[in-house]
Amino acid sequence: MQEFTTIASIRAALRDRGSRSLGFVPTMGNLHAGHIALVREARARNDLLTCSIFVNPLQFGPNEDLDAYPRTLDADRRALEAAGCDFLFLPSAEELYGKEMATSTRVQVPELGNDFCGASRPGHFDGVTTIVTKLFNIVQPDDAFFGLKDYQQFLIIRKMTHDLSLPITIHGIATQREPSGLALSSRNGYLNPEERRQAPALYRVIQDIAKGLRGGDSNYAGLIATATRALADAGMRVDYLGIANANTLAKATLMDKDLIILAAAHLGSTRLIDNQLVSL
Ligand code: PAF
């Protein structure tokens, strides 16, 4: 695996790939089995594979965990090399944004980012779409891979790629889970032992809603109210919990066949998200 920290050097290395296909997995590091599932899928589908590790300041709000975000570069390097990564891009914030991040150009996808994580984290998705566009322009992959745990992010990046006519296929990879059902996330590392015991309730409650929907319950508001109470009983503070159209993220109607249950909840100072697709 070759490493690069500058845009010029990774561009030069990727320039002569001829007809070999290039996969790309952008990450913020602190890699777990969820990331490695993306890397393996990318590896299987492409001749060459680039991964990036960059904790993007532009997608963190002023009171979020940018400084505390776990950085585990040595372990990440080993995991990427073992999973077959060919090129690792490790830029600094200055390399990507210069000294003027606050006034640099943003990429914004309207509407899809209005609700759910977009409402709770203003500006977050503009930070994501801006960095992903920049990375796409630098790496110029054929395929790019994102985890479906961040379902809203996945939809936004897929739409952005389509709207900007970028010649990249966006792949969404299934969420990896602990045996308890808890979705793997870098932020699980913030949980204390008691919170770790409580955390699987998020997925359990989402599964209860999914079971209700599949069983024909069309009282969406009732399902959400019951689930909200269950999360509070499990010690969580709900940020959002909703049933939406899986393609538009508009509030689900009885006409919708492809639904997504989306949830975010605070456990102590940690914010966890999860979701479940349901096809009726
Ligand atoms: O999902 C993430 O880890 C980040 O949002 C991404 C896509 C790497 C952009 O910084």
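All ligand and atom numbering here is 1-based and tracks the order in the structure. Remember, predicted model here, so these are calculated numbers, not experimental data.
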### Query
Less than 4.5 Å apart, any side-chain heavy atom of Leu148 and any of Ile173?
no
Any atoms of ligand 1 less than 4.0 Å from a non-hydrogen atom of [X]? List them with their elements.
X	result
Gln59	4 (C), 5 (O), 9 (C), 10 (O)
Ile131	9 (C), 10 (O)
Pro26	8 (C)

### Message
Below 4.0 Å, non-hydrogen atoms only: which portion of Thr27 touches ligand 1? Side chain, backbone, both or neither.
### Response
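Looking at Thr27 and ligand 1, just backbone atoms fall under 4.0 Å.
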### Task
Go through the steps to decide whether Leu213 and Leu223 satisfy the test side chain to side chain contact (heavy atoms under 4.5 Å, CB included), and finish with yes or no.
CA-CA 9 Å; Leu213 292 172; Leu223 287 167; 3.7 Å; yes
### Query
How far apart are the C-alpha atoms of Leu96 and Lys134, what are their side-chain angles, what is the distance that settles it, and do they pass the side chain to side chain contact (heavy atoms under 4.5 Å, CB included) test?
CA-CA 8 Å; Leu96 288 181; Lys134 286 170 74 74; 4.2 Å; yes
### Task
Enter the distance from Phe89:CZ to Ile53:CD1 here, rounded to the nearest 0.5 Å.
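Phe89 atom CZ to Ile53 atom CD1 measures 12.0 Å (nearest 0.5 Å).
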### Query
Is the distance between the ring centroids of Tyr240 and Phe116 under 6.0 Å?
yes
### Query
Which protein non-hydrogen atom lies closest to atom 3 (O) of ligand 1, naming both residue and atom, and how far is it?
Met28 CG, 3.7 Å
### Query
Can you find an N/O atom of Gln153 closer than 3.5 Å to an N/O atom of ligand 1?
yes
